[in-house]
Amino acid sequence: MGDKNVNITLPDGSVRSYRAGVTGLEIADSIAKSLAKAAVGVSVDGQLCDLSLPICKDAKVAIIRRQDDAALEMIRHDAAHVLAEAVQGLFPGTQVTIGPTIENGFYYDFARNEPFSTEDFAAIEKEMRRIVERGAPFTREVWGRDEAIKFFKNKGENYKAELIQDLPVTEEIKIYKQGEWTDLCRGPHMPTTKHVGNAFKLLKVAGAYWRGDHNKAQLTRIYGTAWRDEKELQQYLTMLEEAEKRDHRKLGKEMDLFHLQEEAQGSVFWHEKGYTIWLALEGYMRRRLLDADYKEVKTPQLMDSRFWEASGHWGKYRENMFVVPDVVPNTEEGGKVFKEEPKSFLALKPMNCPAHVQIFKQGIKSYRDLPLRLAEFGCCHRNEPHGALHGLMRVRQFTQDDAHIFCRDSQILDESIRFCKLTEEIYKDLGFESYTIRLETRPEKRVGSDELWDKAENGLKEALDKLGMKYTLAPGDGAFYGPKLAFIIKDAIGREWGCATLQLDFNLPERLDAHYTAEDGSRQRPVMLHRAILGSIERFIGILIENYAGKLPLWLAPVQCVVATITSEADSYADQVVEQLKALGLRAEIDKRNEKINYKVREHSLAKVPVMFVVGAREAAEQTVAIRRLGSQDQNVQPLKSAAESLAGEAKSPY
RNA sequence: GCCGUUUUAGCUCAGGGGUAGAGCACCUCAUUCGUAAUGAGGGGGUCGUAGGUUCAAAUCCUAUAAACGGCACCA
């Protein structure tokens, strides 16, 4: 490198010249001693690097101090290393594998014959604190491939050896040491383990497959969180607790919305209150769809296996389908359920699309009929693996707000725009401002010509661009039959769930031989768009509950108004009030119990009833109500008539 | 499906070899009390299920089911 110089551009825009090979630490030192002291890493052209890494070409450089947001990534990564060292110190013979950072924390996957338990956490954390306190410097070395493989194999670290073996030949084999402890790692790291600090906590253990492949070994994963200081850690832990309170399973029980039980795992028992939400939501969607020129249909629940063979589901998804033998059951007491071998089978529908194609195929369709949009609140069954079931979010019986649009290639763009617009409007009505959109494009194994895929992918892209909707690209993640859009919403605990989806399908119309007659009299294949906006109604209600923490907007609230009496003197007036509310279409209940008003207010507040009309002798005499809204302590006394009417107006569905 | 954890009254949970406990809810009585819990009394559980060990099992062992946390899967 000699005396060649490099130009370093700092965040304030100033450019300084250093000799080539200068390190981040040296740059920091040249700016201010205090900066060098506070520095934990350096960003070089946006890439986080070790402070000690020589910089050999012109670059934009920012020094990362421990208090900077960018340092969180390093703190967590280093914490993962400290965890690994601690675990290997306490549990000899444990192999290390990978330990990346994740949102809000980190994990490390270990291979050990005996799995860890959360009871080991105290000891591991203690050892981690000792390692942090010791403050060994992280040092970076580059090793030869064979040397590295030999080293790790000798140590019995077969997973690490495998990782190195699979690294591309062009990749440097980087080894980081923290004192005695050595690990293969991409880096970067902070100067010493001391910089990790004490604001970390181990959270949970879990099984995880080596390289995410269920055919490979099962490892034990330890999850942790790490922050810059104790206050941040506490804030995060409090946030987790708050999120737990919003869990739809907890609120569903507390608010008497639904339940699940062993005899029908993965299928929901909707109680009156929960089903009231369902009906309000479904009604809203129905009005939306009919106005958007969809035609609502209803198709069979059970169909012969031949039907599913034709659609291709029988071969590919049979293990997740509920199959019913087409045999009359034996009624002999204590006998076998079926006496004879079934000659044929029926299956509960796992999806609605093939049935919609059947409707499309009735009669001859003209290009004039397109686009044809068939909608169904279709109840589907999928035999999901036990471990996948999760409250309302992942169930075995669910209802999709499903629709299939049959159209021509040239209509893909327009239909995509209509869909995205409609979804956006609906999500806005439902209170979702933040969701992410993913565009999943052609996978390697696929049907349809490249030309058609171009048209389809561009159609989706163009639709999003035209509407100014931001999205991320997921190349290769599309279905074999076409590209798709996924709208993703997070739940209370930060888990992501796919809700709305738009999927182009070049396969099914072909398989099931759907066609229409074009202007020139020729037979043409329609393109089929699968689309859902809520996705599954069950899941969406779960997300709604979490999003609103149970405090649903008036139009969705199962009980919109409770009329509560102060003394029994007001009973008959309260009856009149409820009657009026009901006459206006409101979901109102009365609480005439012999309880103090404090008790009633507390109870209905906890039940998350949005509005209470409190009535006592005074209100009865004056024909008024004292209005109390959830979350407010204000009492607003209004004449009954106007109060009821304005509440009814407010409770109207947004569409 | 895989790994781990859990399962005791309607709900939330305590109890860890000697025959089951709290708070809330429920029922009864008294109280009519103006915006987040009125008081007193009462009823309620073969401790997830099936085996086993033991004089004795909610408690120990084995199997099994479900739920929970991840992983894998999600047409």
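For clarity, every value in this text was computed on a predicted model and none was experimentally measured.
- Counting atom types as modelled, A:Arg211 pairs no side-chain N or O with a base atom of B:C71 as donor and acceptor under 3.5 Å.
- Nucleic acid contact class of A:Arg495 (heavy atoms, under 4.0 Å, all strands): sugar-phosphate only.
- Per the geometry, CE belonging to A:Met255 stands 16 Å off C1' belonging to B:C11, to the nearest Å.
- Side-chain atoms of A:Glu114 and base atoms of B:G4 include no donor and acceptor less than 3.5 Å apart.
- Residue A:Arg221 is in sugar-phosphate contact alone, with no base atom involved, counting any heavy-atom pair closer than 4.0 Å across all strands shown.
- Protein atom CG of A:Asn320 is 12 Å distant from nucleotide atom C1' of B:A72, rounded to whole Å.
- The nucleotide whose nearest atom lies closest to any side-chain atom of A:Gln633 is, among B:A36, B:A67, B:C11, B:A36.
- In this structure, A:Arg525 pairs ionically with A:Asp513, as a charged nitrogen and a carboxylate oxygen lie closer than 4.0 Å.
- At the heavy-atom level, A:Leu606 lies under 4.0 Å from base atoms of the strands shown.
- Across all strands shown, B:A14 forms no Watson-Crick or G-U wobble pair with both distances under 3.5 Å.
- Rounded to whole Å, atom P of B:G70 lies 7 Å from atom NE2 of A:His390.
- Pairing partner, B:A20: none, since no Watson-Crick or wobble contact has both distances short of 3.5 Å.
- Side-chain proximity of A:Gln265 to B:A67, B:G34, B:A75: nearest is B:A67.
- Within the 4.0 angstrom heavy-atom criterion, base atoms lie near A:Gln635.
- Toward the 5′ end of RNA chain B lies the nearest nucleotide of A:Arg593, the other residue of the pair A:Cys353 and A:Arg593 mapping further downstream.
- Within 4.0 Å of A:Tyr107, counting heavy atoms only, lies no atom of the nucleic acid at all.
- A:Ala617 comes within contact range of at least one nucleobase, with a heavy-atom separation under 4.0 Å.
- Residue-level contact check: A:Arg249 touches the backbone only, with heavy atoms under 4.0 Å from sugar-phosphate atoms and none from bases.
- Nucleotides of RNA chain B nearest to A:Gly616 and A:Arg539 differ in position, and the one nearer the 5' end is that of A:Gly616.
- Only the P atoms considered, B:U5 is 40 Å distant from B:G43, to the nearest whole Å.
- Pairing for B:U32 is absent, with no Watson-Crick or G-U wobble pair whose two atom distances lie under 3.5 Å.
- In this structure, CD of A:Gln261 is placed 12 Å from C1' of B:A66, rounded to the nearest angstrom.
- The pairing partner recorded for B:C27 is B:G41, the criterion being a Watson-Crick or G-U wobble arrangement whose two distances lie under 3.5 angstrom.
- Counting non-hydrogen atoms under 4.0 angstrom, A:Lys596 reaches a base of the nucleic acid.
- Taking atom CD of A:Gln503 as the reference point, atom P of B:C74 lies 12 Å away to the nearest angstrom.
- Residue A:Ile597 is classed as a sugar-phosphate contact, given heavy-atom separations below 4.0 Å to backbone atoms only.
- B:A67 and B:U5 make up a base pair, with Watson-Crick or G-U wobble contacts both under 3.5 Å.
- At the heavy-atom level, A:Lys253 lies under 4.0 Å from the strands shown only through sugar-phosphate atoms.
- Put simply, the side chain of A:Val625 does not reach to within 4.5 Å of the side chain of A:Val637, judged on heavy atoms.
- Comparing the same atom, C1', in B:G17 and in B:U59 gives a spacing of 6 Å after rounding to whole Å.
- Side-chain proximity of A:Ala626 to the nucleotides B:A75, B:G34, B:A67 is greatest for B:G34.
- For CD of A:Glu444, the number of neighbouring non-hydrogen atoms (other residues, nucleotides, ligands) closer than 6.0 Å is 12 at most.
- Between A:Lys126 and A:Ile124, every side-chain heavy-atom pair lies at or beyond the 4.5 Å cut-off.
- Atom NZ of A:Lys361 has more than 12 neighbouring heavy atoms from other residues, nucleotides or ligands inside a 6.0 Å radius.
- Between A:Tyr236 and A:Asn104, the closest side-chain pair of non-hydrogen atoms falls below 4.5 Å.
- In this structure, B:C60 and B:G52 make a Watson-Crick or G-U wobble pair, each of the two defining distances being under 3.5 angstrom.
- Remark: of the listed residues A:Lys592, A:Lys600, A:Glu595, A:Lys600 is the sole one forming a side-chain hydrogen bond (donor to acceptor under 3.5 Å, both in side chains) with A:Thr565.
- Rounded to a whole Å, the NZ atom of A:Lys216 is 16 Å from the C1' atom of B:C73.
- Between A:His81 and A:His77, the ring planes are perpendicular. Angles over 60° get that label, and only those under 30° would be called parallel.
- No engagement by A:Glu119 is indicated, since no non-hydrogen atom pair under 4.0 Å with the nucleic acid exists.
- For A:Tyr599, counting side-chain heavy atoms from C-beta on, the closest listed nucleotide (B:G34, B:A65, B:A25) is B:A25.
- Ranking B:C33, B:A36, B:C73 by closeness to the A:Asn598 side chain, first place goes to B:A36.
- Among the heavy atoms of the strands lying under 4.0 Å from A:Pro115 are primed sugar atoms or P, OP1, OP2 only; no base atom is included.
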